[in-house]
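Because the structure is predicted, anything quoted here is derived from the model rather than measured.
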Amino acid sequence: QVRLVESGGGLVQAGDSLRLSCTVSLRTFDFYAVGWFRQAPGKEREFVAAITWSGGRTYYADSVKGRFTISRDNAKKMVSLQMNSLKPEDTAVYYCAATTTGALISRAGTYNDWGQGTQVTVSS
């Protein structure tokens with residue numbers, strides 16, 4: 001059963017923008033927050049941003065603050081990641097994931113459900 005599905009990845013140039021979406025088919029009371037992570041070749045999966053479902057509190061990695069914005073649409077059960085001023089170092093597979101707890105929200109191990117990922121490639 002696929003519970004999170006990402007979309008919106010692609011190939012862009014440095015300085016461009018891209019918007020990722022994550023459709024969540026979980027029941028709203030089954031998760032506390034949704035996060036975005038990314039993994040570049042040869043690197044560990046790293047936290048990008050997260051948002052709590054009920055309160056809409058947001059969290060960001062330092063590397064994306066001021067450039068990325070996470071938001072949610074409760075009616076559509078969708079979480080979006082607006083990425084502006086993209087850099088080549090943003091190139092990675094981006095995953096959305098859901099967690100039932102707000103503790104350690106930036107840690108991948110906190111998350112229970114994961115999407116299959118969408119590729120983002122930023123050329124210089």
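Counting heavy atoms from C-beta on, the side chains of Asn112 and Thr100 come closer than 4.5 Å. Looking only at side-chain heavy atoms (C-beta outward), Met83 and Val120 come within less than 4.5 Å of each other.
The minimum heavy-atom distance linking Ala33 with Ile105 is given by the pair CB-CD1, 3.7 Å. Here the closest heavy-atom approach between residue Arg38 and residue Ser63 is recorded as NH2-OG, 3.6 Å. Taking every heavy atom of both residues into account, Val48 and Phe68 meet most closely at CG1-CD2, 3.7 Å. The shortest heavy-atom contact between Tyr95 and Gly115 is CD2-O, 3.6 Å. Of all heavy-atom pairs between Leu81 and Ala49, the closest is CD1-CB, 4.2 Å.
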Give every donor-acceptor pair under 3.5 Å between a side-chain atom in residues 13-24 and any protein atom, sequence neighbours left out.
residue : atom : partner : partner atom : Å
Asp16   : OD2  : Gln13   : N            : 3.1
Ser17   : OG   : Asn84   : OD1          : 2.9
Arg19   : NH1  : Gln82   : OE1          : 3.1

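Each of Phe37, Trp36, Tyr59 was evaluated against Phe47; a single residue qualifies, Phe37, per the ring pair (Phe, Tyr, Trp, His ring centres under 6.0 Å) test.
Residue pairs satisfying the salt bridge (Lys or Arg N to Asp or Glu O under 4.0 Å) criterion with at least one member in residues 109-124, sequence neighbours excluded, are listed as follows: Arg3-Asp113. Applying the salt bridge (Lys or Arg N to Asp or Glu O under 4.0 Å) rule to pairs touching residues 97-107 yields nothing, sequence neighbours excluded. Legend: disulfide bond (SG atoms under 2.5 Å apart) pairs involving residues 32-91, not counting sequence neighbours: none detected.
One finds the CD atom of Gln39 at 9.5 Å from the CD atom of Glu46 (value rounded to the nearest 0.5 Å).
Val64 and Val12 fall within a single hydrophobic cluster, where Ile, Leu, Val, Met, Phe, Trp and Tyr side chains are chained together by heavy-atom contacts under 4.5 Å. No single ILVMFWY cluster, assembled from side-chain heavy atoms under 4.5 Å apart, contains both Tyr111 and Trp53.
Formation of a donor-acceptor pair under 3.5 Å by the Gln116 side chain with backbone atoms of Glu6 is not found in this model. Of the possible donor and acceptor atoms, one in the side chain of Thr99 sits under 3.5 Å from a partner among the backbone N and O of Thr110. The backbone N or O of Ile70 lies less than 3.5 Å from a partner atom in the side chain of Tyr60, making a donor-acceptor pair. Checked by atom type and distance alone, the side chain of Thr91 pairs as donor or acceptor with a backbone atom of Val122 at under 3.5 Å. With Thr52 contributing its side chain and Arg57 its backbone, the two residues share a donor-acceptor pair below 3.5 Å.
Take Tyr94 and apply the ring-ring contact (aromatic ring centres under 6.0 Å, His included) test, not counting sequence neighbours, and it matches no residue. When the side chain to side chain donor-acceptor pair (under 3.5 Å) test is applied to Lys87, no partner is found at least two apart in sequence or on another chain.
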